[in-house]
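Indexing begins at 1, ligand by ligand and atom by atom, following the structure's order.
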Amino acid sequence: MKRRNNVKSEVDTNGKSPANPSKSKQRKEKRAHGLASKDKLYSGVRNKLIFIVLLYVAAGGAFLYWHGMGSTPEVPPEVDEEILGSLPQDVKDLDLPNSGVFRKKSAEAVLGESVKKAASKVKSKKTNNSTVRNTQGGGDKDPRYPNFEPRIQSSIEMSDMGGNAWTEVEISKNRNNTSVRIFTMDDFLTPRECDGLVKAHEAHMKQHEPFQPIICFSGEDTMKEYLRDVNLGWSGGVWRADWTQGTQCLNESLSRQLNGKLLWSHSTSFYPGESPFSSTYEMRVKNHTGLDPRNGGKFQITSYPQGVGYKLHTDCTEGNTDKRDRFATILVYLNDVIEGGETQFTELNVTITPKRGRALVWTNMNNEGHCDVTSYHQASPVIRGKKFIIQRWYYFENFPALGKRFDGPELPHRSPLAPRVACDRFDSGSCRWYDEWNFDHLTDYAARAI
Ligand SMILES: O=C(O)CCC(=O)C(=O)O
Ligand SMILES: [Fe+2]
């Protein structure tokens, strides 16, 4: 940090050189040493210029070094083995996705090169999302995706699990103008499954420990607010070049400086087929909620440290015209939280308390596929303890790339395993760390755009 500031004092914030000193210095020198010959003077100036250029080259080198541009950290080959080897036997037995990141498939492997190409086309072209679609059938059948079955998920069908029944949560506010339905069931996951998922999540996070997260914001203003809050800013150690326009992310060096200064929740993900557990789980969900695996996205395990919650939001896009949006959410609490961490539906006056194994299912969209804003909810901050959940979102209209891993976008220089932290509006104070560049929504458009 200190050294970076020293370097900074040599170069202005726009990265421009200081004004050329030659002429005024020449005049000054002439006045001071009236005897100096022209030749002598020019060679003095030339030497000074050479010195300044060398100084800049050195400063530039130091800049690159401190901004982590010099080398890409390699993935230590032993990490995977270490983590897998250190997992307790009961976690291994569950066959959980403990090394998902190393099973990461490229977009080509999952979807084929054509989709990848389309993805880049879409990113640059900004697809028109309102493409005409068969809302009954969930889209036309595409010969390129013979295994893809278009379908619409527009309702849920809750059914008991053994002697275990769902409780429909009573809605006391906006009761007559909401389509949202909320259900809970205790012991949806066994203690062993919950503990196993927690351990798998922690192991997954540990795998990423050596890698510096890249910190991203929903916009430049948001970034400035966060920086001000931790006494950093354009004038206090931050350069414009630290912010990568378009990517909304800070470079590695500044991200490193922020590490430990911001609070965040952690999300790790696994995908259908990446562990036998994913199949067991999605069949259980299907059998007891009617939510079809074909409409399911990734499985996301999230942990909240003490003091952290998650902003008020909807899981669907307000005013959506695109029906490829999250129709319903299933969330299972993986532990008992000592205090705080409730899921609160502010428009419905509903609060659910975390309890290990308890499932919470709710709808976000009505049965015509419109996002219902009465589904607004938040994770209230954990007051004491930690909170772990697993979530999966089920989409109203499915699409070929749904629930597949996809390569991340081109972003600032980073190690291949660098996680990403995404921070939203400052006043909502919720940042979330992701172990992947999870842009699964983009793949959806990619698949459609061909
Ligand atoms: O943690 C919770 O209670 C809710 C989390 C949530 O709504 C989300 O991640 O979308
Ligand atoms: Fe949510």
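- In terms of protein heavy atoms, atom 3 (O) of ligand 1 is closest to T343 OG1, 2.5 Å.
- With a 6.0 Å radius and a threshold of 12 heavy atoms from other residues, nucleotides or ligands, K286 has its NZ atom at or below the threshold.
- Side chains of T363 and D372: no donor on one and acceptor on the other come within 3.5 Å.
- Proximity to I389 (heavy-atom distance under 4.0 Å) selects the following atoms of ligand 1: 1 (O).
- Across the pair C216 and C423, the gap between the SG atoms, which is the quantity tested here, reaches or exceeds 2.5 Å.
- Which parts of ligand 1 touch D315 is read off a 4.0 Å heavy-atom cut-off, strictly below it: atoms 10 (O).
- A perpendicular orientation is assigned to the rings of H377 and W362, their planes being inclined by more than 60° (bins at 30° and 60°).
- Of the protein's heavy atoms, Y304 OH, 2.6 Å lies nearest to atom 1 (O) of ligand 1.
- With a 4.0 Å heavy-atom cut-off, ligand 1 is reached by no atom of Q378.
- For the atom pair NZ (K224) and OH (Y226), the distance works out to 16.0 Å, reported to the nearest 0.5 Å.
- Ligand 1 has an N or O atom lying under 3.5 Å from an N or O atom of K387, backbone or side chain.
- A tilted orientation is assigned to the rings of H204 and H208, their planes being inclined by 30° to 60°.
- The aromatic rings of W166 and F183 lie perpendicular to each other, with more than 60° between the two planes, well past the 30° mark.
- Short contacts between ligand 1 and A379, defined as distances under 4.0 Å to a heavy atom of the residue, involve ligand atoms 1 (O), 2 (C), 3 (O), 4 (C).
- Of all N, O or S atoms in H313, the one lying closest to the Fe ion (ligand 2) is NE2.
- Between F388 and L197, the closest side-chain pair of non-hydrogen atoms is not below 4.5 Å.
- A side-chain N or O of S265 and one of R432 form a donor-acceptor pair less than 3.5 Å apart.
- Checking only distances, W362 never comes within under 3.5 Å of ligand 1, N or O to N or O.
- The closest protein non-hydrogen atom to atom 4 (C) of ligand 1 is L331 CD1, 3.7 Å.
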Q: Please step through ring-ring contact (aromatic ring centres under 6.0 Å, His included) for the pair Y434 and W264, ending with a clear verdict.
A: CA-CA 10 Å; Y434 295 93; W264 53 63; over 10 Å; no
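- For the pair R432 and ligand 1, the shortest N or O to N or O distance falls below 3.5 Å.
- The atom of D315 nearest to the Fe ion (ligand 2) is OD1, with the search restricted to N, O or S atoms.
- Within H377, the N/O/S atom positioned nearest the Fe ion (ligand 2) carries the name NE2.
- Among all non-hydrogen protein atoms, the one lying nearest atom 6 (C) of ligand 1 is Q391 OE1, 3.5 Å.
- Considering both main-chain and side-chain atoms, H313 comes within under 3.5 Å of ligand 1 through a nitrogen or oxygen pair.
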